[in-house]
Amino acid sequence: MNTKTLSYILKRIGLALLTIWIVITITFFVMHAVPGGPFLGEKAISEAAKAALEAKYGMDKPLFQQYITYLKDIVTKFDFGPSIKQRGRNVIDIIVSGMKTSAKLGLAAAGIALVCGTVLGSVAALRRNKFIDRVIMVITTAFVSMPSFIMGTFLLLMFTVQIMLFPANGASKGGLVLPIITLSLSPMANITRLTRSSMLDVLGQDYIRTAKAKGVSSTKIIFFHALKNALIPVVTYCGPMIAYIVTGSLVVEQIFAVPGIGRAFVSSITDRDYTLIMGTTIVLAILIVVMNLVSDILYKVIDPRITLE
Amino acid sequence: MANKYFNMQLDVDAFLPASAEDKAYMVQMRPSTTFFRDGVKRFVKNKIALISLIIIALIVVSCIVIPFFWPYSYDEMLGVKLGRPVDSSYNNLAPFEYGETEQERIAAGEKVFPHLFGTDSQGRDYFIRIVYGARISLAVGFFASIIVLIIGMTVGAISGYCGGKVDLVIMRIVDIIYSLPDMLLIILLASALKQTKLDQIIQGTVLEKIGANIISLFVVFGVLYWVSMSRLIRGQILSLREQEYVLAAQAAGARGKWIIMKHLMPNCISVVIISTALQIPNAIFTESYLSFLGLGVNAPMPSLGSLASDALNGISSYPYRLIIPAVVISLIVLSLNLLGDGLRDAFDPKLNG
């Protein structure tokens, strides 16, 4: 790794930190700009009780001071404060407990998407313009333009209502199968298309012809010469894929009643649980920004041909 | 056999001036083609894109025309008549079924307009709700893209043409906005703006019907989504600025405004149109997603996303209520995507690497 690469990496990390700080700031001020405040619920509360509550959550201090405290708590302790609606629970606890399920869901979906996507993409490229290639391309085109909530509801309809193969409730055993499939389909379709086009590009290169000419077996060519290079562009898609899975999981967890972080986020919006909204937004945003960073850096590091800005 | 041997004698006929007939035979004149006509020719050859265009046109036309003559409206609860108890026989009708009073009218020999897709749980004609939903989705997609186009194009053109420090600052801001997780911020802003007094501000204006949520969606689009457009425009302007024909124009004494209007803009326009076309399905996607989460259009007004989300409750009894809006969204998004791809292939051959 030369100094140029290193300075690029440092620059990207700096940008990522800046982005995270901006997200936290936007989240904080947007949530505080909302009129009404968190304690204006269904029941009217007395002035004294309201003042006491505000003092308890530190909301009687000036806004800027609250912001500094909030920022400091996040940076030093990763503490997002207590949840306003769920009594006695900290936001970070709710996030961590939701994260366990969501991480399982997201990682499985990402894994399936990567494996199936590269296999299907390679098959399509190797059988270019044959029947199987056409079939794969038509199906992936359809998957790419189908919103995740549509895919999810269709799967729900097919497998829980019509065939009763899987439980509709994501919390029960085997309940994660359908949400995982739902989340993996669209990234899988994208990876398939990406792999196909980069594989076609690689297969037309001179070194493939050279390998063929010197009598390397075709399996070896496909796996060692072609696929290794064809997969490089797929790395760049990993960041957006994580972003898609994170946002997709918001609705998918809602549809299948999966007790994950996405569901906590959506219900915190309807409950107007401001601290929870802020906490989840920030955690998910950090996740997305970090994944983007990692996939960008990885891309530049594994392919030395790519020139750095 | 005269030509069998090498002959120094010239054939005088070969040197005669060509007659008009000869000229017509030699010169194959074709009508000169413009860039636009050339693109259209290529576009028409692309069957998939053409079919997508036809589907989009059909959907758009029916969204505009059908509400004018359809006997039911999107918020009319058919069972609720003034001065009479609510007639629940109108709720949850299957396609082509009729409510009780309608059946009486049919028995009396009257003609009653059928409910093509039945009615929903509140006795509203489902077909017209789908039409309105598609109308909202398309309108949101279109206007959001226009907003993105205007902001992105202005910023991109300024950044690209000015260069230097201006460019540096703008591009840093673009970089940061670009790396913000857009969907999360959209949800955040939409849920926050929903609580504001926006509803009262827009009361009484045309905007009231659209609702605060959709306006906040536009705001968010305006704030976040212009960056990729401005990057694209800036890149175009930067590369076009260095082209020889710009230098030639400068040498010929053209001024900055003339160069931008006559040379740079026309060459950008295809890229702009294509990315706008691809932006529309993106916006529709986002709108349906937000509506599905309950952050979309205001209540009686339907959108395809909210229709799908409402249908989730009765999924086992009325699956078609979910399938219809789902198919319509997918159809719109898919055809718009394919149309955008087709436009790109036809009008910007350079882009297809």
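Naming convention: chains lettered A, B, ... in sequence-line order (proteins, then strands); numbering from 1 in each chain.
- With sequence neighbours left out, the side chain to side chain donor-acceptor pair (under 3.5 Å) criterion links B:Asn282 to no other residue.
- Considering only residues two or more places apart in sequence or on other chains, A:Thr280 meets the side chain to side chain donor-acceptor pair (under 3.5 Å) condition with none of them.
- For A:Ile13, the CD1 atom counts as densely surrounded, since its 6.0 Å shell holds more than 12 non-hydrogen atoms of other residues, nucleotides or ligands.
- In summary, of the residues considered (A:Thr153, A:Leu156, A:Ile150), a side chain to side chain contact (heavy atoms under 4.5 Å, CB included) with B:Leu322 occurs for A:Thr153 alone.
- In the displayed structure, B:Phe142 atom CZ is contacted under 6.0 Å by at most 12 heavy atoms of other residues, nucleotides or ligands.
- Listed by sequence position, B:Ala326, B:Ile329, B:Ser330, B:Val333, B:Leu334, B:Asn337, B:Leu338 are the residues of residues 326-339 of chain B in contact with chain A, using a 4.5 angstrom heavy-atom cutoff.
- B:Tyr289 places a side-chain N or O within 3.5 Å of a backbone atom of A:Thr247 that can act as its donor or acceptor partner.
- Within the 4.5 angstrom heavy-atom criterion, only side-chain atoms of A:Ile288, from C-beta onward, approach chain B.
- Between A:Phe149 and B:Ser309, every side-chain heavy-atom pair lies at or beyond the 4.5 Å cut-off.
- If you tally non-hydrogen atom pairs under 4.5 Å between each of A:Val23, A:Asn292, A:Ile277, A:Thr27 and chain B, the highest count goes to A:Thr27.
- Taking CZ of B:Phe285 as the start and OG of A:Ser148 as the end, the distance is 6.5 Å to the nearest 0.5 Å.
- Chosen from B:Gly305, B:Pro281, B:Ser288, B:Pro325, the residue pairing most often with chain A at heavy-atom distances under 4.5 Å is B:Ser288.
- For a residue to count as touching a neighbouring chain, one of its non-hydrogen atoms must lie under 4.5 Å from one of that chain's; by this rule A:Val289 touches chain B with the side chain only.
- Here B:Ile176 contributes atom CD1 and A:Leu15 contributes atom CG; the two are 6.0 Å apart, rounded to the nearest 0.5 Å.
- Using a 4.5 Å cut-off between heavy atoms, A:Ala243 does not touch chain B at all.
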Please set out all donor-acceptor pairs under 3.5 angstrom arising from side-chain atoms of residues 167-174 of chain B, sequence neighbours excluded.
unit_1	atom_1	unit_2	atom_2	d
B:Asp167	OD1	B:Ser159	OG	2.5
B:Asp167	OD1	B:Arg234	NE	2.6
B:Asp167	OD2	B:Arg234	NE	3.4
B:Asp167	OD2	B:Arg234	NH2	3.0
B:Arg172	NH1	B:Asp175	OD2	2.8

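- Among A:Thr281, A:Val251, A:Val266, the residue making the largest number of heavy-atom pairs under 4.5 Å with chain B is A:Val251.
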